[in-house]
Amino acid sequence: MILLKVGEKLKIPGFKKVIPGLSFGRFKLRDEFESDHWYVAQLEACIQSKSLSQGKIIHQHIIKNNSHIKDFTIILDKLAHLYVKCNEIEHARRLFDKIPNPSVVCWNMMIRAYAWNGPFQQAIDLYYKMLQLGVTPNKFTYPFVLKACSALQDIQVGQGIHEDVEKLGLEMDIYVCTALVDMYAKCGDLFQAQTLFNGMSKRDIVAWNAIIAGFSLHTLHKETMELLVQMQQAGIIPNSSTVVAVLPTVGQANALSQGKAIHAYSLRKMFSDSVVVGTGLLDMYAKCHDLSYARKIFDRMKQKNEICWSAMIGGYVTCDSMTNALTLFDEMVHVYGLNPTPVTLASILRACAKLTDLIKGQSLHCYMIKSGMDFDTTVGNSLISMYAKCGMMEDAVGFLEEMTSKDTVSYSGIMSGCVQNGRAEKALIIFRQMQLSGFYPDLATMMALLPACSHLAALQKVFDRMHKRDVVSWNTMIIGYGIHGQCTEALSLFHEFQVSGLKPDDVTFVAILSACSHSGLVKEGKYWFNAMNQDFKITPRMAHYICMVDLLARAGNLDEAYIFIQRMPFEPDIRVWSALLAACRTHKNIEMGEEVLKRIQELGPESTGNFVLMSNIYSSVGRWDDAAQIRTIQQHQGYKKSPGCSWVEVSGVIHGFIGGDQSHPQSASINKKLQELLVQMKRLGYSADSNFVLHDVEEEEKEQILLYHSEKIAIAFGILNISPPKPILVTKNLRICVDCHSAIKFMTLITNREIIVRDASRFHHFKNGICNCQDFW
DNA sequence: ATAGGGTTAG
């Protein structure tokens, strides 16, 4: 019986004391210890000292002497416990399965092991097995099994378990109830989380942190900050977990000044030495585009784990600082010897996608396979996007087909890739496959798909073939009509939808309101906004307020829109103000524009779009100096205008153009066509609308600058290469400019062609000198 | 004697 090699030393201090029979040189057990009791004592010592190697020695000894053991239950229980303690979960499970009637404590231990380390489904399966065998779970069981539900975002199982909790009368237990609040909050049912939280007789800091984290993670910035105040009013002082819980929404909302205040609080409270707090702060700064501060925090962190490395790398990728991201990744792996996690890999793949670096992307794919990460849904989705962005659609689709855990995002990535690579019909086929496989499209799916439905007929095809028309498919159709400016059709479809007996949801109303807004139907929009609240009992969200502000302001009711914003039941976000600012540009209202810009700046760093809008407002009334100053501020703050790009598809190949582009092989004939069109357009009464050209230059020069806007180049190219009567479809990344909009009307008259421009906000159908948007966009 | 809350990502 060799249990310890001769000369091997015991590594655990104090171990000798509990194993009296064990000597260093020669291994010997005294007979009186070779009993159940002896084994239990030894195993407990191993558990306490987390000694796996010593525990295995005892385990071997038990196997060799099993004929002397009277009661296996307790010994297997301890052995399983030992392996759990030492993170050998599968080993523990094998022993656990051999125990004839495990105690509740033992079941809980096993469930906990899976709830902490995964696979999370195992925790849930064990819980149901326990019930099946007639074992009654106790208040310790629930926090574990609910944690597994949270990790899986499985609200259905969570609800079932909630019913069990009520049957057992455990819902009043503060631990169990907090776990329920956490489960609902993490799964996105914030209403249920809040209801349970409000019903708690006593709310301690853990309960508060759970509800705050839920709101924060679901990007409800204002509600999160309100809860933070309420918590303090209830006499509870925020701790480091509170800080960490709040930070994600602060970053998401770009609320830099709030973030700095939280940073200061953390310094005062000495929280900032913690890796978790440091990571939260770093991420917040990166999300607010303050990379230098983020990096400062990263560099000063005393201990670093994979998560903070991933956060810093992800921050660089988000801010388009790809070189830094790749350098840091290299350092993490090769200098610090840390293994990339699925999250790290997802970020690095996103960097490859942004750089269209296929070679690096492929080598990461190899690494994924080697490390088994190709089974991770998020990493897989990032890989799909990378292949799609690099134009490698076959690789993308091939990977999707092999994916065992695909979801809506996987399909959306493929579809957006198809659309961007000129395979619109393929995108629609995949859309159908996705729905047949039981996946529901979300907003991202629709955004990816809409450019593919250049002709409404295509969408109608898709719709008619749907076997089951649900809320989502109705919404899709309504959105489709709305974005094409066909509000009447959208409203009649909405009517049909209600007749069908299904209930419209909040998305339906976003579709209805934006359809009204695109067509300038103010009265109808107001009617449905009220009806949604009163008749359909749907509380308007930020998106609905944005639509309403857009609707009122676009139609010229700027003051009404302003008052509407002031009467909102929650704080308007930047998008609400941006909608108003866009209308200030259209209606050339400088005073309000300045006021709105002030509000926008109060809300934190802003996107380029708002600078451009304000600068355009000044230009439109000839205040060139003010316009230039705004551009200077923009540049000073490091915002670069994303260049206007337009695309047009000719026999399956996508041609892309940027403003002033001369790089296309057909440039010479494009230029000739444009000059030709200009002469004819002027003859019909066109004059260059130079309001939006920054420099105060000669009339003729303005004309030439405007003539080479990307959409005009793309259209000229389309006229030359697409034979009539096929309409010319151009896609533009930004909103179409005022001059182009009026020029294209003339072009349809000159060429007798139908021209469709899908810009950042909608489709414009130009035909016979008019656009169906009625100049609302 | 086994309990609830915190950071990164498509």
Side-chain angles (χ1 to χ4, degrees), chain A residues 44 47 77 81 84-85 103-113 115-116 137-147 150 170 173-183 185-186 197 200 203-214 216-217 231 236 238-248 251 271 274-284 286-287 298 301 304-315 317-318 340-350 353 373 376-386 388 406-413 416 444:
Chain A
E44 277 176 350
I47 291 166
D77 181 311
H81 189 167
V84 165
K85 189 94 182 205
S103 63
V104 184
V105 173
C106 199
W107 279 100
N108 291 348
M109 175 191 76
M110 225 34 242
I111 293 173
R112 181 186 71 154
W116 281 4
N138 61 14
K139 60 181 179 175
F140 293 95
T141 317
Y142 286 100
F144 302 139
V145 68
L146 287 168
K147 188 182 165 77
S150 304
L170 292 173
D173 182 87
I174 189 168
Y175 285 85
V176 176
C177 195
T178 303
L180 279 169
V181 168
D182 176 63
M183 183 276 293
K186 286 230 174 71
F197 177 79
M200 290 175 83
R203 297 177 205 103
D204 63 8
I205 191 155
V206 182
W208 277 101
N209 288 348
I211 191 91
I212 286 178
S216 177
L217 286 173
M231 166 184 173
I236 294 178
N239 64 8
S240 65
S241 294
T242 321
V243 165
V244 177
V246 166
L247 283 169
F271 294 156
S274 122
V275 205
V276 185
V277 174
T279 307
L281 288 167
L282 176 169
D283 176 64
M284 179 276 295
K287 292 232 164 71
F298 178 77
M301 281 167 79
K304 296 187 180 76
N305 60 15
E306 288 88 347
I307 298 180
C308 68
W309 281 89
S310 303
M312 193 64 234
I313 292 169
V317 179
T318 303
T341 67
V343 182
T344 331
L345 220 59
S347 289
I348 285 297
L349 279 166
R350 201 152 57 97
M373 279 192 232
D376 185 292
T377 311
T378 300
V379 179
N381 291 343
S382 309
L383 186 75
I384 286 179
S385 295
M386 185 278 295
K406 35 181 168 279
D407 62 7
T408 300
V409 182
S410 328
Y411 282 98
S412 303
S416 110

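What you see is a predicted model; the values in this text were computed from it and never measured. Proteins come first, then strands; the chains are lettered A, B, ... in the order of their sequence lines, and each starts at number 1.
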Practice problem: Give a yes or no on whether the backbone of Thr141(A) and the side-chain of Asn138(A) come within a donor-acceptor separation of less than 3.5 Å. | Solution: yes
Open item on the list: Is any side-chain heavy atom of Ile307(A) closer than 4.5 Å to one of Val343(A)?
Closed with: no
Just to be sure I understand the rule, does Leu345(A) reach a base, reach only the sugar-phosphate, or reach nothing, if contact means heavy atoms closer than 4.0 Å?
nothing
The side chain to side chain contact (heavy atoms under 4.5 Å, CB included) partner of Phe140(A) among Asn108(A), Asp173(A), Val104(A) is Asn108(A)
Discussion item. Looking at Asp283(A) and Ala286(A), would you say the former's side chain and the latter's main chain have a donor-acceptor pair under 3.5 Å?
Written reply: no
Next on the checklist: Checking the side chain of Asp204(A) only, and the main-chain atoms of Ala207(A) only, is there a donor and an acceptor separated by less than 3.5 Å?
Outcome noted: yes
Note: contacts of residues 103-111 of chain A with DNA chain B (heavy atom, under 4.0 Å) are Val105(A), Asn108(A)
Side-chain atoms of Ser241(A) come closest, of dG4(B), dA3(B), dG5(B), to dG5(B)
Separation of dA3(B) atom C1' from Asp173(A) atom CG, nearest Å, is 8 Å
From OH of Tyr142(A) across to P of dT2(B) the rounded distance in Å is 20 Å
Rounded to whole Å, CE of Met200(A) lies from P of dG5(B) at a distance of 12 Å
NA contact type, Thr242(A), heavy-atom cut-off 4.0 Å: base, sugar-phosphate, or nothing?
nothing
Taken to the nearest whole Å, NZ/Lys147(A) to C1'/dG4(B) is 9 Å
Tabulated below should be each protein N or O lying under 3.5 Å from an N or O of nucleotides 7-9 of chain B; please produce it.
from   : atom 1 : to        : atom 2 : distance (Å)
dT7(B) : O2     : Thr279(A) : OG1    : 3.3

Any chance the side chains of Thr344(A) and Ser347(A) put a donor and an acceptor closer than 3.5 Å? no
note: Phe197(A), atom CZ; dG4(B), atom P; distance rounded to Å ~ 18 Å
Closest to the side chain of Thr377(A), out of dG5(B), dG10(B), dT2(B), is dG10(B)
- request: Look at the side chain of Asp204(A) and the base of dG4(B), then say whether one donor and one acceptor between them are separated by less than 3.5 Å.
  value: yes
**Prompt:** Is there a donor and acceptor pair, one atom on the side chain of Asn239(A) and one on the base of dG6(B), closer than 3.5 Å?
**Reply:** no
With Asn381(A) as partner, the option from Val379(A), Leu383(A), Thr377(A) fulfilling side chain to side chain contact (heavy atoms under 4.5 Å, CB included) is Thr377(A)
Q) Looking at dG6(B), does its base get a donor-acceptor pair with the side chain of Ser240(A) below 3.5 Å? A) yes
Arg112(A) CZ to dA1(B) P, in whole Å, measures 14 Å
Between OH of Tyr175(A) and C1' of dG5(B) the distance, given in whole Å, is 11 Å
In this structure, CZ of Phe197(A) is separated from CG of Leu180(A) (nearest 0.5 Å) by 14.0 Å
CD1 (Ile384(A)) and CG (Leu349(A)) are apart, to the nearest 0.5 Å, by 11.0 Å
From CG of Leu247(A) across to C1' of dG5(B) the rounded distance in Å is 15 Å
By ring-ring contact (aromatic ring centres under 6.0 Å, His included), Trp309(A) pairs with (sequence neighbours left out) Phe298(A), Tyr336(A)
